[in-house]
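Notes follow once the structure below has been shown.
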Amino acid sequence: MSHSHPLPSLGEFTRLLTAIANIHDDEEGRKYDVVVSLFDQMRNLFGVSSSPLLYTCNIVINCLSQSSRHPYSSFTFLGKMLKLGLEPDVFTFTSLINGFCCKDRVDDALGLFVKVVEMGFRPNVVTYTGLIHCLCKNRDVDHAVELFKRMESDGVRANVVTYNSLVSGFCDCGRLGDAALLLRDMRVKPNVITVTALIDGFVKAGKVFEAVELYNVMRKMSVEPNVFTYNSLINGFCMCGRLDEALRMFYLMEIKGCVPNIVTYTTLIHGFCKSKRVEDGVRLFNEMSRRGLAANTVTYTVFIQGYCLVGRPDVGEQMFKHMVSSHSACPDVRTYNVLLDGLCCNGKVEKALMIFEYMRKREMDVSIVTYTIVIQGMCKVGKVEDAFDLFCSLFTKGMKPNVVTYTTMITGFCRRGLIHEADALFRKMKEDGFLPNERVS
DNA sequence: TTAGGGTTAG
């Protein structure tokens with residue numbers, strides 16, 4: 001770098017660094033590289049004697065710990081900090097612990113937490129909340145509650161973010177009662193995220209009227225619902241086929257000044273498609289387009305499913321081709337799954353198998369759901385041997401069949417009268433730890 | 001001046 005121009009100050013450099021660190025970029029890796037290289041340039045320019053401020057290092061370390069490309073770079077950077085004579089603080093360690101949390105490495109996160117406490121640092125509400133959130137995401141809500149209690153006995157007060165993690169955690173594992181109690185007994189005012197988490201919990205459990213009741217309560221508590229809240233409620237009505245009520249909620253949100261987004265429309269379209277009212281879905285699609293909202297992958301996928309459901313796989317296929325050729329949205333595995341399943345259910349198994357071959361040639365990321373759909377299609381047209389070959393190949397690919405896969409294959413054998421094969425597979429399924437009537441999520 | 005939380009499709 002040439003020094004012919006006056007140098008920016010250390011403060012200006014740090015502001016730049018913070019700005020870059022906070023950019024939400026698709027190319028995460030590149031951003032982190034820029035941050036580290038900028039930090040190195042700062043050090044070269046200002047010299048080691050003018051030691052960079054601790055918070056500058058903390059910005060860098062936070063970037064590094066969230067980077068998935070270089071898993072240990074944050075610890076390498078910590079070493080660099082120590083060499084420069086900088087003492088890490090609670091911000092530094094919270095970022096490092098959170099780095100493990102981001103990668104779902106709860107045990108490493110907890111291990112580091114214990115070490116940091118042993119070193120005499122006092123974790124604060126952010127440190128605890130990061131761990132609680134990570135435990136909840138890993139469905140270990142009991143452990144999260146334990147940590148929550150420890151936090152309180154350490155004299156660290158939970159804030160709304162802590163409660164939000166726990167309420168969502170309870171909801172995610174179906175403990176709606178615990179979530180409701182926690183919401184009731186919170187020592188800080190809940191916000192829209194807290195209440196919406198429980199509303200969505202009710203919706204996912206099929207209890208849409210409890211969700212609506214909570215919606216009414218939240219307005220009395222002067223917690224203002226937002227687009228997330230309304231999308232959740234609309235989804236709740238759609239899920240149980242109450243489309244009129246879904247529409248009424250949709251109108252209500254507009255009256256309340258809440259602007260519907262692409263998720264709102266896609267949820268409604270999905271509701272109509274599932275109830276075989278694809279034309280009503282198209283009307284919503286047109287309205288959405290008039291408002292300048294562009295359909296995304298999910299919107300198209302919902303339509304493809306809808307058209308297949310009403311026996312028009314040709315239109316579904318057309319939409320699929322349109323999304324590819326117009327580059328308006330990129331089909332993902334789920335789009336392919338819906339198309340394959342739709343074709344199979346409409347007697348177009350051969351076509352589905354061709355698309356599946358194409359997917360394999362292109363080395364696309366196929367899921368166990370894709371395989372299950374194809375196995376089912378093969379069985380349907382009597383190609384039980386091909387289906388079983390594909391089933392067996394899963395193990396060498398490192399894929400695990402789930403209950404649906406097993407059930408599909410067993411049913412295929414049974415339909416052909418291959419009772420011994422079916423029985424053997426049934427036993428293998430139980431060996432793999434599946435109960436015959438287990439549901440898949 | 002630095003760290004933590006949410007919705008949609010099989």
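Everything numeric in this text was worked out from a predicted model, so none of it was measured. Chain letters run A, B, ... following the sequence lines, proteins first and then strands; every chain starts at 1.
Of the listed nucleotides (B/dT2, B/dT8, B/dA9), B/dA9 has the atom at the smallest distance from the side chain of A/Q305. Considering only the side chain of A/Q66, B/dG4 comes nearest among B/dA9, B/dT8, B/dG4. Each of B/dG6, B/dA3, B/dA9 was ranked by its minimum atom distance to the side chain of A/T94; first place goes to B/dA3. In the set B/dT7, B/dG10, B/dA3, the nucleotide with an atom closest to the side chain of A/S367 is B/dG10. Of the candidate nucleotides B/dT7, B/dA3, B/dG4, B/dG4 has the atom lying nearest to any side-chain atom of A/T129. For A/F228, whose side chain is taken as the heavy atoms from C-beta onward, the closest listed nucleotide among B/dT8, B/dT2, B/dT7 is B/dT7. Taking only side-chain atoms of A/N124, from C-beta outward, the nucleotide of B/dG6, B/dA3, B/dT8 with the closest atom is B/dA3. Checking B/dA3, B/dT8, B/dT7 against the side-chain heavy atoms of A/V298 singles out B/dT8 as nearest. The A/T267 side chain lies nearest to B/dT8 when the options are B/dA9, B/dG6, B/dT8.
If you check every strand for non-hydrogen atoms under 4.0 Å, A/T264 touches nothing. Using a 4.0 Å heavy-atom cutoff across all strands shown, A/I59 reaches sugar-phosphate atoms only and no base atom.
Under the 30°/60° scheme for interplanar angles, the aromatic rings of A/F100 and A/F75 are found to be tilted. Note: A/H322 and A/Y300 have tilted aromatic rings, judged against thresholds of 30 and 60 degrees for the angle between ring planes.
Residue pairs meeting the side-chain hydrogen bond (donor to acceptor under 3.5 Å, both in side chains) criterion with at least one member in residues 246-262 of chain A, sequence neighbours excluded: A/N231-A/N261, A/E254-A/R291, A/N261-A/T264.
Between the CE atom of A/M253 and the P atom of B/dT8 there is a distance of 14 Å, given to the nearest Å. At whole-Å resolution of the value, CZ in A/R334 and P in B/dA9 are 7 Å apart. The nearest whole Å value for the distance from the NE2 atom in A/H270 to the P atom in B/dT8 is 11 Å. Atoms CG (A/L183) and C1' (B/dG6) sit 14 Å apart, rounded to a whole Å. Residue A/N261 contributes atom CG, which lies 8 Å from atom C1' of B/dT7 at whole-angstrom precision. Going from atom CG of A/N226 over to atom C1' of B/dT7 covers 9 Å, rounded to whole Å. Per the geometry, CG belonging to A/N98 stands 13 Å off C1' belonging to B/dT2, to the nearest Å.
Donor-acceptor pairing under 3.5 Å is recorded for the side chains of A/S367 and A/T370.
Contacts of A/K80 classified as salt bridge (charged side-chain N to carboxylate O under 4.0 Å, His left out), with partners at least two apart in sequence or in another chain: A/D40.
Side-chain atoms of A/T335 and base atoms of B/dG10 include no donor and acceptor less than 3.5 Å apart. Residue side chain A/D200 does not reach the base of B/dG6 through any donor-acceptor N/O pair under 3.5 Å, judged by distance alone.
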